[in-house]
Amino acid sequence: MRITGGRARGIPLRVPAGDAVRPATDGVRQAVFNSLAPRLANTRFLDLFAGSGAYGLEALSRGAASGVFVEKNNKAATCLRENIESVCKSLGRSSTEAARVLVMDATTAPFGEAGSPELIFIDPPYDVIEAVAPLLFEKLAAALPASLDPIVVFEMPGEMELAPAGWECIKRHGKGRRQPSVSFYRLK
């Protein structure tokens, strides 16, 4: 698995052994970031259930200014920190200026730590989506100023549909069974 575009293109990303994370595939990330290209320059992001950090690190590579990664698994967080160092080194940045890691559950993370992010990446384990999605969207709606026009990028199984209260789905990549799908949400 590698960064697929931007200044850090080609940098490999480490993933912990086992099933602690399910990284977003290169193809899924390319589709997402082709859609987000006009919004990336100098944005702040929040990467929930960060795992390897693939979404947030792809954003940094493609011009985002900074972000906060939230990951509760210690092994995954260790790989995430190493991935941040590799990508930031490639970008000529120190990792502390561009990215912070919070080792905690995404549902209890203080969303203000990201400095009102314009982009929020959510890629939870598929088996917890129905339980955590309503809570996350409710917390984001309360924490984010509508004036930022924040976009939530949510990865889920292709057969799943989410219709969070107060949010509208503005785009979706992939809808087939047994493949990941990514939906883009905006506050109504």
Side-chain angles (χ1 to χ4, degrees), residues 3-8 24 28-72 80 83-84 87-88 91 93-124 129 132-156 160-174 180-188:
I3 297 295
T4 63
R7 290 183 33 224
V28 168
R29 280 184 288 118
Q30 282 182 321
V32 165
F33 284 95
N34 287 342
S35 295
L36 291 174
R39 290 188 62 111
L40 286 172
N42 299 313
T43 60
R44 289 177 307 275
F45 66 84
L46 177 61
D47 189 346
L48 300 175
F49 303 94
S52 67
Y55 277 116
L57 292 170
E58 192 79 45
L60 284 174
S61 178
R62 294 174 184 244
S66 63
V68 173
F69 297 85
V70 179
E71 174 55 54
K72 76 175 182 177
L80 171 58
N83 290 338
I84 290 169
V87 169
C88 288
L91 297 173
R93 298 178 173 188
S94 75
S95 60
T96 56
E97 78 180 51
R100 291 187 45 222
V101 177
L102 299 178
V103 181
M104 64 188 318
D105 188 304
T107 61
T108 60
F111 294 155
E113 289 288 320
S116 295
E118 294 99 340
L119 290 173
I120 301 90
F121 301 104
I122 306 176
D123 186 9
I129 290 175
V132 302
L135 172 65
L136 292 172
F137 277 105
E138 184 179 320
K139 283 183 68 175
L140 287 166
L144 300 174
S147 61
L148 282 179
D149 191 24
I151 298 292
V152 172
V153 178
F154 201 113
E155 184 173 324
M156 65 189 90
M160 183 176 270
E161 296 284 336
L162 284 180
W167 296 81
E168 65 178 320
C169 182
I170 57 172
K171 181 177 273 199
R172 184 164 182 164
H173 290 289
S181 173
V182 179
S183 294
F184 294 63
Y185 294 92
R186 172 180 279 148
L187 284 166
K188 287 185 182 177

Engineer: F45 versus V153: any side-chain heavy-atom pair under 4.5 Å?
Structural biologist: no
Engineer: Would you say the side chain of I120 lies within less than 4.5 Å of the side chain of L144, judging by non-hydrogen atoms?
Structural biologist: yes
Engineer: Got N83 and F69 here, is their nearest side-chain heavy-atom distance under 4.5 Å?
Structural biologist: no
Engineer: Could you report the tightest heavy-atom contact between S61 and G5, atom names first, then the distance?
Structural biologist: OG-O, 2.6 Å
Engineer: Distance check, rounded to the nearest 0.5 Å: L80 atom CG versus L57 atom CG?
Structural biologist: 6.5 Å
Engineer: Given E161 and R172, is the side chain to side chain contact (heavy atoms under 4.5 Å, CB included) satisfied, shown in steps?
Structural biologist: CA-CA 10 Å; E161 296 284 336; R172 184 164 182 164; 3.2 Å; yes
Engineer: Please check: side-chain N/O of E58 versus main-chain N/O of I3, any donor-acceptor pairing under 3.5 Å?
Structural biologist: no
Engineer: Taking all heavy atoms of L91 and all of A8, pick out the closest pair and write down the distance.
Structural biologist: CD2-N, 4.0 Å
Engineer: On a heavy-atom basis, which atom in G56 and which in D47 lie closest, and how many Å separate them?
Structural biologist: N-OD2, 3.0 Å
Engineer: How many angstroms lie between CZ in R29 and CG in N34, if you round to the nearest 0.5 Å?
Structural biologist: 12.0 Å
Engineer: Given side chains that start at C-beta, do those of F154 and I129 come closer than 4.5 Å, heavy atoms only?
Structural biologist: yes
Engineer: How about R62 and T4: does a side-chain donor come under 3.5 Å of a side-chain acceptor?
Structural biologist: yes
Engineer: Does atom NZ of K72 have more than 12 heavy-atom neighbours, drawn from other residues, nucleotides or ligands, at distances under 6.0 Å?
Structural biologist: no
Engineer: Does the pair E168/R186 count as a salt bridge with the N-to-O cut at 4.0 Å?
Structural biologist: no
Engineer: Taking all non-hydrogen atoms of both residues into account, name the closest pair between M104 and V70 and its distance.
Structural biologist: O-CG1, 3.4 Å
Engineer: List the atom of A98, the atom of R93, and the distance in Å for their closest heavy-atom pair.
Structural biologist: CB-NH1, 3.2 Å
Engineer: Taking the side chain as everything from C-beta on, heavy atoms only, tell me whether L119 gets closer than 4.5 Å to Y55.
Structural biologist: no
Engineer: How close do S183 and M156 get, counting heavy atoms only, and between which atoms?
Structural biologist: OG-CE, 3.6 Å
Engineer: Run the side chain to side chain contact (heavy atoms under 4.5 Å, CB included) check on I122 and L140 step by step: do they pass?
Structural biologist: CA-CA 11 Å; I122 306 176; L140 287 166; 4.0 Å; yes
Engineer: Please determine whether side chain to side chain contact (heavy atoms under 4.5 Å, CB included) holds for the pair I151 and I170, giving the CA-CA distance in whole Å, both sets of side-chain angles, and the decisive distance to 0.1 Å.
Structural biologist: CA-CA 9 Å; I151 298 292; I170 57 172; 3.7 Å; yes
Engineer: Does the pair H173 and F184 meet the rule for a side chain to side chain contact (heavy atoms under 4.5 Å, CB included), with working shown?
Structural biologist: CA-CA 9 Å; H173 290 289; F184 294 63; 3.4 Å; yes
Engineer: If we ignore hydrogens and angles and just use 3.5 Å, is the side chain of Y185 paired with the main-chain N or O of P164 as donor and acceptor?
Structural biologist: no
